[in-house]
Protein chains: 2
Amino acid sequence: MDGYELMGRHREFDVEKALDAAMCVFWRKGYEGASYADLTQAAGVERPALYSAFGNKEALFKKVLTRYYERHLDYIPVALQLPTAREVAAHILFNAIDLNTRYPEHTGCLGINGILAGSDEAEPVRLALIEARAEGEAMLLARFERAKVEGDLLPTANPDTLAKFVLAILHGMAVQAKAGFSPETLRAVAEQALSAFPGVR
Amino acid sequence: MDGYELMGRHREFDVEKALDAAMCVFWRKGYEGASYADLTQAAGVERPALYSAFGNKEALFKKVLTRYYERHLDYIPVALQLPTAREVAAHILFNAIDLNTRYPEHTGCLGINGILAGSDEAEPVRLALIEARAEGEAMLLARFERAKVEGDLLPTANPDTLAKFVLAILHGMAVQAKAGFSPETLRAVAEQALSAFPGVR
DNA sequence: ATCATTACGTAACGATCGTTATGAAATTTA
DNA sequence: TAAATTTCATAACGATCGTTACGTAATGAT
């Protein structure tokens, strides 16, 4: 299908750039806090153009969410391949700090910012965010279970609790980043958390 | 002023019950996710009655927030009076778990649920929530500094980092409660966090 | 009993929400 | 060059948002 030219007028805006613009808006304001006026203005595109390219607001958000995981949470699969559970946890925490504070105009985590509260209409999106979060937890749990088999986690360690603990810190730092915490401050929090991580120091 | 009867028609609804009803709605849906239709329906009161009693939506939310701190976060001042820093942290974490999971229809923490994202119009409320969070942190920090003076925190301990770490867990558990975590699961997370707490075991 | 004052329910306000009908402009196909 | 197809910008849709006139009912003060 490559090189095949569709009949009809060509799209005049860059779909990738429009998605990135929408991501910034959703990241800062959450799903419901972001209006279509915000989205079209950020993308520099009229309303019907966004609809024809991505569908409605919910569909657009889900595309953005997928993009967010691919483009900004790509450090997670990388972290999961590190040799020890402790290194995995440290890598995830420190990269999250960078992500949560890198862009001053949209701090915290896109995947968490919309997960807490909203109207009933936004419930499907909240559930999607909850599910995405759970998938990340499942991956981390699987990695910690492997670590137990491989011996770099003690037999007394509980991989499930450990995964949930690391993610609790992750979510807590996302909240604190939204409250204006600096990366240096968050780093101290992460290191304190890692001191609770079982295994050789 | 007690027993003094104001001129004019008497209020027919219970202000306290209306505030509690509004609290439930804000707790579940956040500030922006809660509509005035939701609030009036929950309170069983017509719109102008809410306005005349509490002012506009923002003023109502702030009254509810104050009430939330008084009625549901009252375990914090209690915790701060416990003899050791470790007991303070444990008391706060375990009571937060109970609060975050006690009401299935509005899980998590009212003070956190509205703190992450919203439209520009909701920014004043977000800032108020951020400030309230910071006040709690300041109280915990002061308590940990006292603990260092009193010797139940080692001289090498960093009270500021420790306070922020405990609150990171607190915020993280609020997110996880919103994601459906059971109190038992959250308790395991909290205990894992406490294992990172310096001092005698 | 009359007036002043407050709360009540109804009903509506302008603004914004997400969404879409519509016709002109642009491009490929034939 | 004419037909087919797609995108474009304008403009509007109905619904809901937070907020408030407005007229009536109820109470305290005189």
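These numbers were taken from a predicted model, which means no experiment stands behind them. For the numbers below, each heavy atom of this structure counts, side chains included, while hydrogens, waters and symmetry mates do not. Each chain gets a letter, A, B and so on, in the order the sequences are listed, and its residues count up from 1.
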Exercise. With a cut-off of under 6.0 Å to the ring centre and 45° to the axis, is B:Lys57 in cation-pi contact with B:Tyr36?
Worked result: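 No cation-pi geometry.
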Problem set entry | Qualifying residue, where the test is side chain to side chain contact (heavy atoms under 4.5 Å, CB included) with B:Arg143 and the options are B:Leu82, B:Val88, B:Ile92 |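 Single pass found, and it is B:Val88.
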Rounded to the Å, how far apart are [X] [atom1] and [N] [atom2]?
X	N	atom1	atom2	answer
A:Gln41	C:dT16	CD	P	13 Å
B:Tyr51	C:dT10	OH	C1'	16 Å
A:Asp38	C:dG18	CG	C1'	13 Å
A:Phe13	D:dA9	CZ	C1'	13 Å
A:Leu50	C:dG18	CG	C1'	12 Å
B:Glu46	D:dG18	CD	P	15 Å
B:His10	D:dA26	NE2	P	13 Å
A:Arg11	D:dC8	CZ	P	6 Å

What distance do [X] atom [atom1] and [Y] atom [atom2] have between them, rounded to the nearest 0.5 Å?
X	Y	atom1	atom2	answer
B:His171	B:Ile115	NE2	CD1	6.5 Å
A:Thr84	A:Phe144	OG1	CZ	9.5 Å
A:Ser195	B:Phe165	OG	CZ	6.5 Å
B:His106	B:Phe26	NE2	CZ	13.5 Å

Could you please name the option among [options] that lies closest to any side-chain atom of [X]?
X	options	answer
B:Met7	C:dA4, D:dC17, D:dC8	C:dA4
A:Tyr36	C:dC8, C:dG18, D:dT20	C:dG18
B:Lys57	C:dT19, C:dT28, D:dT19	D:dT19
B:Ala37	C:dC8, D:dC17, C:dT19	D:dC17

Exercise. Hey, can you pull the residues of residues 14-21 of chain B with a non-hydrogen atom under 4.0 angstrom from DNA chain C?
Worked result: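 Within this stretch, nothing sits under 4.0 Å of the strand.
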Exercise. Considering only heavy atoms, which members of residues 116-132 of chain B lie under 4.0 Å from some atom of DNA chain C?
Worked result: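 The answer is none.
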For this session: Report the relative orientation of the aromatic rings in A:Tyr75 and A:His91; use parallel for angles under 30°, tilted for 30 to 60°, perpendicular for over 60°.
Result: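 Ring orientation, 0 to 90° scale: tilted.
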For this session: Answer with base, sugar-phosphate or nothing: what part of the nucleic acid does A:Ala53 contact at a heavy-atom distance below 4.0 Å?
Result: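 Here A:Ala53 touches no strand at all.
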For this session: Under 4.0 Å between any heavy atoms, over every strand shown, what does A:Ser52 touch: base, sugar-phosphate, or nothing? Just pick one.
Result: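 Contact class for A:Ser52: none.
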Exercise. Can you name the residues that form a side chain to side chain donor-acceptor pair (under 3.5 Å) with B:Asp38, not counting sequence neighbours?
Worked result: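 B:Asp38 satisfies side chain to side chain donor-acceptor pair (under 3.5 Å) with B:Lys29, B:Ser35 once adjacent residues are dropped.
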Exercise. Residues in side chain to side chain donor-acceptor pair (under 3.5 Å) with B:Asn158, at least two apart?
Worked result: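 Counting only residues at least two positions away or on another chain, B:Asn158 forms a side chain to side chain donor-acceptor pair (under 3.5 Å) with B:Thr161.
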With 3.5 Å as the limit, what N/O pairs link the protein to nucleotides 21-25 of chain C?
| from | atom 1 | to | atom 2 | distance (Å) |
| --- | --- | --- | --- | --- |
| C:dA25 | N3 | A:Arg9 | NH1 | 3.2 |

Exercise. Quick one: does A:Arg47 reach the base of C:dT19 with a side-chain donor-acceptor pair under 3.5 Å?
Worked result: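 Donor-acceptor pair under 3.5 Å: yes.
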Exercise. Does a side-chain N or O from B:Asn56 land closer than 4.0 Å to OP1 or OP2 of D:dG18, or not?
Worked result: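 Answer no for this pair, as no side-chain N or O of B:Asn56 is under 4.0 Å from OP1 or OP2.
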Using distance only, find each side-chain donor-acceptor pair of residues 183-193 of chain A under 3.5 Å and give its atom names and separation, not counting sequence neighbours.
| from | atom 1 | to | atom 2 | distance (Å) |
| --- | --- | --- | --- | --- |
| A:Glu184 | OE1 | A:Ser182 | OG | 3.3 |
| A:Thr185 | OG1 | A:Ser182 | OG | 2.9 |
| A:Gln192 | NE2 | B:Ala196 | O | 3.0 |

For this session: Walk me through it: do A:Val45 and A:Thr40 pass the test side-chain contact (heavy atoms from CB on, under 4.5 Å)?
Result: CA-CA 5 Å; A:Val45 160; A:Thr40 54; 5.7 Å; no
Problem set entry | Residues A:Glu70, A:Tyr68; criterion side-chain contact (heavy atoms from CB on, under 4.5 Å); working and verdict | CA-CA 5 Å; A:Glu70 291 172 352; A:Tyr68 179 75; over 6 Å; no
Problem set entry | Nearest-nucleotide 5' precedence on DNA chain D, B:Gly8 against B:Gly55 |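 First, find each residue's nearest nucleotide; the 5'-ward one identifies B:Gly55.
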